[in-house]
Amino acid sequence: MLDTRLVTFLTLCQTKSFTKTAEKLHITQPAVSHHIKYLEGYYRTKLYTYTNRRFVLTPTGRTLYQYANSVHSDSERIREHLSLLSSSTKELRLGAEQSAGESFLPYLIIAFMEKYPDYKIRVVTDNYDALSRMLNEGELDFFLMDGIVSKSEHDYYELCSSSTICACSPVHPLAEKRVTIQDLYNSTLILGVDKTPSRNRLEQIFRDNNISSMRFAHRIEISNSLTTVKQLLIQNTGISFLYKSAVARELKEGSIRQIYIRDYYEYHSYNLISIHNSYFYPEQTDFIKFCQDFLKQWDSDI
């Protein structure tokens with residue numbers, strides 16, 4: 001259980017406003033100021049400043065936030081864990097970005113439940129910002145994402161690496177062929193809508209490989225629906241750049257094929273994200289090891 005003054009400090013870091021902090025915690029604004037002044041006196045450091053009228057944490061303030069947030073999150077998780085011990089129920093609370101949630105996550109959960117049938121699992125699929133907030137507030141134990149995060153923000157455990165491939169219908173004229181980037185531009189490109197995380201990642205891959213999405217003959221933009229993209233590919237509506245892990249089953253079945261592009265390279269890692277310097281109870285440690293073993297096997301099978 002976190003000291004009330006540290007709870008006030010964490011809330012202030014989130015709201016960046018003494019007034020909003022007081023309203024959220026149902027205390028007076030002078031009480032908020034008193035809590036922060038106490039912490040600055042106790043730790044003998046300035047925790048915040050104002051830059052252009054904007055609340056900004058000092059370097060020592062950011063360090064205190066990271067430690068206090070870790071303790072607060074662990075406290076919430078331990079409280080739930082202890083209550084579960086008394087009821088003999090084991091629970092894992094897992095988040096996942098869409099790329100993981102729509103590719104290997106269902107199979108991972110099925111395999112985990114077959115090995116550990118006594119567990120209760122809660123799964124949330126959302127974007128990085130929402131999952132990070134839920135992790136910080138003690139609502140999740142971990143979340144899955146592709147790519148890495150700053151070690152000063154969260155800890156992460158690499159589970160496996162994969163690639164982004166150019167996918168198409170088996171009847172597409174370029175299916176299973178090795179081509180140049182120029183050969184692709186006559187096709188219809190199926191991609192995510194502008195300014196979404198998946199679209200931003202794809203645009204970065206394109207920049208790294210000198211591919212221009214504007215040069216494709218036609219484009220179809222889909223909002224966060226991998227299932228729709230797969231169906232369009234199967235119907236030979238166009239081509240799309242997708243995580244290989246996301247279409248692993250279709251590649252095995254032959255309903256989707258790959259186009260091999262010369263001088264094209266892209267690899268990314270799937271990581272399990274946790275609170276920085278967090279305490280793990282045995283069930284969570286077992287889950288990390290299970291994920292690593294499962295996804296190594298998954299990666300070798302595709």
Side-chain angles (χ1 to χ4, degrees), residues 1-87 89 91-97 120 122-143 145 149-156 197 272-281 283-284:
M1 187 168 138
L2 201 62
D3 185 276
T4 302
R5 288 160 292 205
L6 285 172
V7 172
T8 300
F9 174 67
L10 289 178
T11 306
L12 178 61
C13 293
Q14 294 165 0
T15 65
K16 304 184 188 310
S17 164
F18 280 76
T19 302
K20 291 179 180 178
T21 298
E23 292 174 352
K24 190 170 184 179
L25 296 178
H26 305 291
I27 59 178
T28 65
Q29 189 169 327
V32 175
S33 299
H34 177 74
H35 287 178
I36 302 305
K37 286 180 180 178
Y38 173 87
L39 292 174
E40 289 182 326
Y42 181 81
Y43 292 111
R44 299 180 182 178
T45 186
K46 184 71 174 173
L47 296 176
Y48 72 97
T49 186
Y50 280 99
T51 302
N52 297 326
R53 297 183 179 181
R54 188 167 61 92
F55 177 89
V56 179
L57 288 174
T58 63
T60 51
R62 288 195 297 271
T63 299
L64 178 61
Y65 172 78
Q66 291 165 1
Y67 279 111
N69 189 56
S70 177
V71 172
H72 177 61
S73 178
D74 280 346
S75 177
E76 291 300 306
R77 290 167 50 235
I78 291 170
R79 180 176 61 83
E80 288 201 16
H81 183 56
L82 292 177
S83 66
L84 289 172
L85 286 176
S86 63
S87 65
T89 301
E91 183 178 40
L92 283 169
R93 303 165 304 165
L94 180 64
E97 283 195 313
K120 175 183 176 183
R122 286 193 286 164
V123 179
V124 176
T125 303
D126 213 320
N127 59 43
Y128 171 81
D129 289 339
L131 295 173
S132 180
R133 176 189 57 77
M134 295 177 71
L135 185 68
N136 288 336
E137 294 179 359
E139 298 174 23
L140 294 176
D141 298 316
F142 311 101
F143 68 87
M145 66 171 286
V149 296
S150 169
K151 275 287 189 180
S152 64
E153 183 179 1
H154 296 303
D155 287 337
Y156 62 89
L272 197 64
I273 313 300
S274 69
I275 282 288
H276 187 55
N277 291 328
S278 183
Y279 164 78
F280 290 146
Y281 48 84
E283 291 87 346
Q284 293 174 315

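In what follows, every heavy atom counts, from backbone to side chain, and hydrogens, waters and symmetry copies are set aside. If you're wondering where the values come from, they're calculated on a predicted model, not measured in any experiment.
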- Message: Please determine whether side-chain contact (heavy atoms from CB on, under 4.5 Å) holds for the pair L131 and L140, giving the CA-CA distance in whole Å, both sets of side-chain angles, and the decisive distance to 0.1 Å.
- Response: CA-CA 8 Å; L131 295 173; L140 294 176; 4.0 Å; yes
- Should F18 and Y48 be marked as a ring pair (Phe, Tyr, Trp, His ring centres under 6.0 Å) after you check the CA-CA gap, both sets of side-chain angles, and the distance that decides it? CA-CA 12 Å; F18 280 76; Y48 72 97; 5.7 Å; yes
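Annotation: side chain of V32 is not in contact with side chain of T19 (no heavy-atom distance under 4.5 Å). Counting only heavy atoms from C-beta outward, the side chains of I273 and D155 never approach each other to under 4.5 Å. Between T21 and L25, some side-chain heavy-atom pair lies under the 4.5 Å cut-off. Using a 4.5 Å heavy-atom threshold, the side chains of L92 and R122 count as separate. Between F143 and L135, some side-chain heavy-atom pair lies under the 4.5 Å cut-off. Two residues are said to be in side-chain contact when any heavy atoms from C-beta on lie closer than 4.5 Å; T11 and T15 meet this criterion. The shortest distance between side-chain heavy atoms of M145 and Y128 falls below 4.5 Å.
Taking CG of L39 as the start and NE2 of H34 as the end, the distance is 9.5 Å to the nearest 0.5 Å. Rounding to the nearest 0.5 Å gives a distance of 7.5 Å between OG1 of T45 and CD of E40. Here the CG atom belonging to L64 is positioned 6.0 Å from the CG atom belonging to L6, to the nearest 0.5 angstrom.
Of the possible polar contacts, one joining the S17 side chain to the K20 backbone as a donor-acceptor pair under 3.5 Å is found. Formation of a donor-acceptor pair under 3.5 Å by the S70 side chain with backbone atoms of Q66 is not found in this model. Looking at T49, its side chain never comes within 3.5 Å of a backbone N or O of F55 through a donor-acceptor pair. In this structure, the side chain of R62 engages the main chain of L57 through a donor-acceptor pair within 3.5 Å. Using a distance-only test at 3.5 Å, with no hydrogens or angles considered, no donor-acceptor pair links the side chain of E97 to the main chain of N127. Side chain of N69 to main chain of Y65: no donor-acceptor pair is present (N/O by atom type, distance under 3.5 Å, no hydrogens or angles).
In this structure, T60 and K46 approach most closely via the heavy-atom pair OG1-O, 3.1 Å. Scanning all heavy atoms of the two residues, the minimum distance from K24 to Q14 falls at NZ-OE1, 3.7 Å. Contact record, I36 with L47: O-CD1, 4.4 Å, taken as the closest heavy-atom pair. The shortest heavy-atom contact between D141 and E91 is OD2-O, 4.2 Å.
Around the OH atom of Y50, the shell of radius 6.0 Å holds more than 12 heavy atoms that belong to other residues, nucleotides or ligands.
Side-chain N/O atoms of H154 and S274 include no donor and acceptor closer than 3.5 Å.
For E137, the salt bridge (charged side-chain N to carboxylate O under 4.0 Å, His left out) partners two or more places apart in sequence, or in a different chain, are R133.
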